[in-house]
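Okay, so here's the structure we're looking at.
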Amino acid sequence: MTTPQLVVHRDKELMAQAAAARLITKVVDAQASRGSASVVLTGGRNGNGLLAALAAAPARDAVDWSRIDLWWGDERYLPEGDPERNYTQAREALLDAVPLDPKRVHPMPASDGPHGAGVEAAAEAYAAELARAAGPENHGSVPTFDVLMLGVGPDTHVASLFPELPAVRETERTVVGVHGAPKPPPTRVTLTLPAIRSAREVWLLAAGEDKAQAVAIALSGAGEIQAPAAGAYGRSRTLWLLDAAAAAQLPRSLYPPASA
């Protein structure tokens with residue numbers, strides 16, 4: 001596992017803008033070196049805030065949007081177009097405003113799709129889609145994502161991996177269905193920790209005082225079953241992007257004063 005690096009910004013707006021600029025740079029570099037980029041998006045207020053900041057950034061036009069593959073870390077298992085779906089929110093925040101190649105946009109299945117109420121079948125279908133995109137140079141049955149972004153919940157959950165639930169204990173499958181999530185809606189599809197750890201870089205986003213305890217727990221050496229965010233790390237880099245409120249319970253020794 002990679003040692004977490006922390007960057008702490010003054011407030012959530014600055015954090016979103018800085019993260020968007022960081023993502024633009026990472027995507028442009030990947031496209032320059034490998035021809036394309038692969039990014040896993042996250043929902044929630046911090047993930048959507050980053051996408052909105054990216055939409056407003058003049059430098060967004062430096063990205064060749066036709067040469068980027070977009071995936072999702074998790075999804076609420078709801079009908080297509082439901083306003084609570086991460087895909088719907090991402091479209092509103094950014095995707096509808098940039099010239100993406102539709103064949104390279106990979107939303108997770110909806111509950112009114114071919115799998116109906118079968119969330120496990122939907123998870124298997126997404127795992128198969130990931131496997132088809134993986135090449136011989138990749139690590140296992142998922143493509144090597146350049147950046148995989150995750151929001152951190154107040155209970156330390158990431159994606160739809162909640163503390164103590166079966167999904168966070170999964171060690172073989174790359175995508176699973178979730179039943180009985182403590183945060184509505186209860187039925188979801190999520191990447192597992194093995195899939196998350198295939199990414200070159202994992203970025204964890206947290207802003208607001210309601211995230212401070214979760215951030216402190218996850219970075220204090222807690223186990224991943226009790227604190228799933230602690231088990232999310234990249235192969236080459238693990239980056240925690242925080243605002244000052246979310247970092248409030250961390251010892252200042254964990255991050256450089258200049259990052260605040």
Side-chain angles (χ1 to χ4, degrees), residues 4-32 37-74 86-100 105 145-154 158-159 199-212 214-216 218-219 229 232 234 236-250 252 254-260:
Q5 296 175 292
L6 278 65
V7 180
V8 181
H9 295 285
R10 181 180 63 247
D11 54 43
K12 65 181 181 181
E13 291 80 16
L14 183 58
M15 185 194 89
Q17 293 163 7
R22 188 183 292 272
L23 183 60
I24 289 170
T25 300
K26 186 61 60 177
V27 168
V28 169
D29 286 349
Q31 290 178 335
S38 181
V39 175
V40 179
L41 301 181
T42 186
R45 69 178 191 233
N46 293 320
N48 291 326
L50 185 155
L51 294 182
L54 183 52
R60 82 178 200 192
D61 294 332
V63 173
D64 183 344
W65 293 99
S66 69
R67 294 192 293 127
I68 184 169
D69 289 287
L70 294 180
W71 304 87
W72 271 261
D74 75 318
N86 290 333
Y87 177 53
T88 306
Q89 295 173 7
R91 288 188 60 182
E92 293 173 352
L94 172 68
L95 305 191
D96 286 351
V98 292
L100 294 160
V105 179
F145 311 116
D146 292 294
V147 177
L148 184 149
M149 294 180 287
L150 298 167
V152 179
V158 290
R200 289 186 175 90
E201 298 197 10
V202 169
W203 298 2
L204 296 105
L205 314 174
E209 62 183 19
D210 61 323
K211 305 294 182 69
V215 169
L219 289 169
S236 62
R237 192 181 199 194
T238 305
L239 189 62
W240 285 71
L241 301 173
L242 310 172
D243 75 349
Q249 295 186 28
L250 294 174
R252 286 302 298 261
L254 281 182
Y255 59 94
S259 72

Nearest 0.5 Å please: distance from the [atom1] atom of [X] over to the [atom2] atom of [Y].
X: Ser66; Y: Gln31; atom1: OG; atom2: CD; value: 7.5 Å
X: Ile24; Y: Asp29; atom1: CD1; atom2: CG; value: 12.0 Å
X: Leu219; Y: Leu6; atom1: CG; atom2: CG; value: 5.5 Å

Exercise. Tell me, with the steps shown, if Val105 and Tyr87 meet side-chain contact (heavy atoms from CB on, under 4.5 Å).
Key: CA-CA 10 Å; Val105 179; Tyr87 177 53; 4.1 Å; yes
Self-check item: Check against side-chain contact (heavy atoms from CB on, under 4.5 Å), Leu250 and Leu242
Solution: CA-CA 11 Å; Leu250 294 174; Leu242 310 172; 3.9 Å; yes
Practice problem: Give every residue pair that meets the salt bridge (Lys or Arg N to Asp or Glu O under 4.0 Å) criterion with at least one member in residues 40-66, sequence neighbours excluded. | Solution: Arg45-Asp210, Asp64-Arg67
[X]: partners by side-chain hydrogen bond (donor to acceptor under 3.5 Å, both in side chains), with sequence neighbours left out:
X: Thr238; answer: Thr2
X: Trp203; answer: Glu201
X: Gln89; answer: Asn48

Closest non-hydrogen atom pair, [X] against [Y]:
X: Ala229; Y: Ala218; value: CB-CB, 3.9 Å
X: Ala37; Y: Ala30; value: CB-CB, 3.9 Å
X: Gly208; Y: Ala245; value: C-CB, 3.7 Å
X: Leu148; Y: Ala199; value: CB-CB, 3.7 Å
X: His9; Y: Val7; value: NE2-CG1, 3.4 Å

With sequence neighbours excluded, residues passing side-chain contact (heavy atoms from CB on, under 4.5 Å) with [X]:
X: Ala207; result: Lys12, Met15, Asn46, Asp243
X: Ala53; result: Ala16, Gln17, Ala20
X: Gln5; result: Arg237, Leu239
X: Ala19; result: Leu50, Leu241

Practice problem: For Thr42 and Gly47, indicate whether the former's side chain and the latter's backbone hold a donor-acceptor pair under 3.5 Å. | Solution: no
Quiz item: For the side chain of Lys26 and the backbone of Val147, is there at least one donor-acceptor N/O pair under 3.5 Å apart?
Solution: no
Quiz item: Hey, does Leu41 have a side-chain heavy atom less than 4.5 Å from the side chain of Asn86?
Solution: no
Quiz item: Quick one: are Val39 and Ile68 in side-chain contact, heavy atoms under 4.5 Å?
Solution: yes
Practice problem: Would you please test Leu150 and Leu205 for side-chain contact (heavy atoms from CB on, under 4.5 Å) and show each step? | Solution: CA-CA 6 Å; Leu150 298 167; Leu205 314 174; over 6 Å; no
Quiz item: With sequence neighbours excluded, what pairs up with Arg91 under the salt bridge (Lys or Arg N to Asp or Glu O under 4.0 Å) test?
Solution: Asp96
Quiz item: How would you list, by chain and number, every residue that makes a salt bridge (Lys or Arg N to Asp or Glu O under 4.0 Å) with Asp74, sequence neighbours excluded?
Solution: Arg188
Quiz item: Who are the ring pair (Phe, Tyr, Trp, His ring centres under 6.0 Å) partners of Trp240, not counting sequence neighbours?
Solution: none
Self-check item: Greater than 12 external heavy atoms within 6.0 Å of Glu209's CD
Solution: no
Self-check item: Derivation of the side-chain contact (heavy atoms from CB on, under 4.5 Å) call for Trp65 and Leu70
Solution: CA-CA 10 Å; Trp65 293 99; Leu70 294 180; 5.5 Å; no
